[in-house]
Amino acid sequence: MVRLFIFLVVVLALGWGFSWLADRPGLISITWQDHLIETSLMVAATAMVALIGFAMLLWWIVGVIWTSPYSVRRYFRARKRDRGYQALSTGLIAAGAGNALLARKMSLRTRGLISADQEPLIHLLEAQAALIEGKHDEARKKFEQMAEDPETRELGLRGLYMEARRLGANEAARQYAEKAVEYAPYLPWAAQATLEARSQSGRWDDAIRLLDQQRMANILEKPQAERWKAVLLTAKANDRLEGDPKGARDDAMAALKLAKDLVPAAVIAAKAWLREDNVRKAASTLEGVWKLGPHPEIAGAYIRARSGDSTVDRLKRAEKLEAIRPNNIESLLAVAQAALDAQQFKKARAKAEAAARMQPREAVYLLLADIEEAETGDQGRVRHWMAQALRAPRDPAWVADGFVSEKWLPLSPVTGRLDAFEWKAPFDQLEGPVEEGSLAADTAIASLPPVSVAPPANQVPPATNVAAEPPAEEAPRPILVKPAAQEAKPPRKELAVAAKTPATANVTPRDGKPPENGEEPVPFFGRPPDDPGVKDPDAGQPSTRLRLF
């Protein structure tokens, strides 16, 4: 563009000059060795311009002839280089496609056409060809040569890092990554690997410092960097909770400012506040995260904030959580569990059944089984809820890369990935049919068997005339419903009291006749007299003795 502009300026200048001379005609006289040359000014200017152009053309021709050997050599060199680059491109494509034979062939051809000092990609092609052929030692040597060259240092370090990861040499991989970070802190793979390595070794301050460098270099987006920094601060606070509660509190609160819904940070901050006897701050922190997303760990820390609270006080705190987030399954479960601990079975059952209708899952039915065990002690009803729990979807848990953990961890124990744990339902261990929806919960509640209490061990079905006719069938057991006033009594204690009460309903008189004159009947504790196993020597004669077997 600049050259075109200069050319136009020169042409315009020549045109303007000739126009100026045409408006001012004149003669030019030249005397040279008794010769007089006269010409007009316009002819002289034209001859001068032509002479200058001829001189330039002659200079160009002389230059072409003079530099022709070099031009010829450059032409053939460029042609050879083009063929080499074509072979290099073909070899890299073959290496990417897994064609080891063609990649090796193109590597040798490229070596013959291009110098490795001029084109470092030749080392990469040879290393890739060696990897495809399974020659890892040769590939590692190539990567080491590349790591020594400033132009290919980053590529060589990455190759060595990948080879160390393949062999399981995590320490060597960490060293290669840290070396790459020293030379090029903007490399995402090196920074990520170094960040994970420092986190695995518990060097939280170094990891946070490296994360800040990445954020300043615009390697990471701001939301991602803030999330990871919150995770690192939470892990650091968890390690400092026992020895330095105040420092742990500061780190956890800083993490909550970066990620307001980070449940582990809220729990750690609340524990630190409680160790300073500041229940109000702990409750406020937990309530703030509970509003964003109810979580069972938040509910557990909030309900048991004060160790000296009674079960009724804990129930009130659970109801406060439910008031903050009503119509939520975690709120219902928290109130149901607290009501069960307080032995308010009616409320516990109502909340648990509401949770089952909202989202039937394993924990809901297990809680209903616990309520049944504590309230009625009916094993049939307990087994009913246990069977529903087996068919229900699994409860959410901390899951990372298929690994289910009982508590939150900053890194995945499988891959070492940072911030890998998510609160969700595990799906890799589901087996058998799963019933979902409120209809399944309504069906389970409607099919609940009635409450039944087993009779005492010394009680038998009533018999009218045991001596004359043996009992054909056992009478069905009566259904006893516990009065509302006795809801808080343990069921097993009631059974024990019932077992100690003398049974007067099913009795057998001594002579097989009803008692007379207010005589108290004698209960029968053995086999009926006509049982074949009874061997009575006085059979057929009235006897007033009672044989026990």
Side-chain angles (χ1 to χ4, degrees), residues 191-192 194-217 219-309 317 320-321 324 398 400 405-413 416-423:
Q192 179 68 20
T194 306
L195 184 65
E196 293 177 356
R198 293 179 180 178
S199 301
Q200 288 176 357
S201 59
R203 298 159 57 190
W204 308 115
D205 292 332
D206 295 339
I208 293 173
R209 191 179 307 110
L210 177 60
L211 188 63
D212 292 337
Q213 293 177 359
Q214 290 182 305
R215 177 67 187 92
M216 295 177 61
I219 300 176
L220 295 175
E221 298 293 335
K222 183 178 180 180
Q224 183 67 47
E226 290 181 351
R227 175 70 184 185
W228 282 359
K229 187 174 182 180
V231 171
L232 293 175
L233 286 172
T234 304
K236 180 182 176 182
N238 188 32
D239 290 347
R240 301 176 64 183
L241 182 60
E242 296 296 333
D244 186 11
K246 185 176 180 180
R249 180 203 63 193
D250 295 338
D251 292 335
M253 295 302 294
L256 284 177
K257 290 181 180 179
L258 298 174
K260 299 183 182 301
D261 59 343
L262 191 56
V263 173
V267 174
I268 294 173
K271 291 181 179 179
W273 283 117
L274 291 174
R275 296 197 177 188
E276 298 179 6
D277 294 331
N278 197 334
V279 181
R280 185 179 60 83
K281 285 287 187 179
S284 176
T285 303
L286 294 174
E287 288 175 1
V289 181
W290 181 267
K291 292 177 182 178
L292 298 176
H295 196 278
E297 293 184 4
I298 297 292
Y302 186 84
I303 294 173
R304 294 171 176 81
R306 287 192 294 258
S307 58
D309 286 350
R317 299 181 69 85
K320 185 177 180 180
L321 287 180
I324 296 175
W398 291 112
S405 176
E406 295 181 356
K407 60 180 181 179
W408 176 86
L409 298 174
L411 299 171
S412 170
R417 184 163 53 95
L418 183 65
D419 191 25
F421 277 92
E422 301 179 26
W423 182 257

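Hydrogens, waters and symmetry mates play no part in the numbers below; they use all other heavy atoms, side chains included.
For residues 255-274, every residue pair satisfying the salt bridge (charged side-chain N to carboxylate O under 4.0 Å, His left out) rule, not counting sequence neighbours, is listed here: Arg227-Asp261. Pairs passing the salt bridge (charged side-chain N to carboxylate O under 4.0 Å, His left out) check and including a residue from residues 278-303, sequence neighbours excluded, read Glu287-Lys320.
Between Ala225 and Leu211, the shortest heavy-atom contact is O-CD2, 3.6 Å. For the pair Glu226 and Leu258, the tightest heavy-atom approach, listed with the atom from each and the gap, is O-CB, 3.7 Å. Smallest separation of non-hydrogen atoms from Ala265 and Ala252: O-CB, 3.5 Å.
Scanning for side chain to side chain donor-acceptor pair (under 3.5 Å) contacts around Trp204 gives Asp239, with sequence neighbours left out. With sequence neighbours left out, the side chain to side chain donor-acceptor pair (under 3.5 Å) criterion links Asn278 to no other residue. Listed by chain and number, the residues in a side chain to side chain donor-acceptor pair (under 3.5 Å) with Asp250 amount to none (sequence neighbours excluded). For the side chain to side chain contact (heavy atoms under 4.5 Å, CB included) test, residues two or more places apart in sequence or in another chain that qualify with Gln200 are Leu411.
By the 4.5 Å heavy-atom criterion applied to side chains, Lys229 and Arg215 are not counted as neighbours. At least one side-chain heavy atom of Leu418 sits less than 4.5 Å from a side-chain heavy atom of Leu232. Contact check for Pro410 versus Thr234: no side-chain heavy atoms found under the 4.5 Å cut-off. Using a 4.5 Å heavy-atom cutoff, the side chains of Val267 and Val289 are not in contact.
Below 30°, between 30° and 60°, or above 60°: for Trp423 and His295 the angle between ring planes is between 30° and 60°, a tilted geometry.
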*May I have the step-by-step check of side-chain contact (heavy atoms from CB on, under 4.5 Å) for Trp408 and Val263, ending in yes or no?*
CA-CA 9 Å; Trp408 176 86; Val263 173; over 6 Å; no
_What verdict does the side-chain contact (heavy atoms from CB on, under 4.5 Å) test give for Arg203 and Arg209, after you've listed the backbone C-alpha separation in whole Å, the side-chain angles of each residue and the deciding distance to 0.1 Å?_
CA-CA 10 Å; Arg203 298 159 57 190; Arg209 191 179 307 110; over 6 Å; no
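Checked options Asp206, Asp244, Asp205; the residue passing with Lys236 is Asp205 (criterion: salt bridge (Lys or Arg N to Asp or Glu O under 4.0 Å)).
Going from atom CD of Glu196 over to atom CH2 of Trp228 covers 7.5 Å, rounded to the nearest 0.5 Å. For the atom pair CZ (Arg249) and CG (Leu274), the distance works out to 12.0 Å, reported to the nearest 0.5 Å. Atom CG in Leu195 sits 11.0 Å away from atom CD in Gln213 (nearest 0.5 Å).
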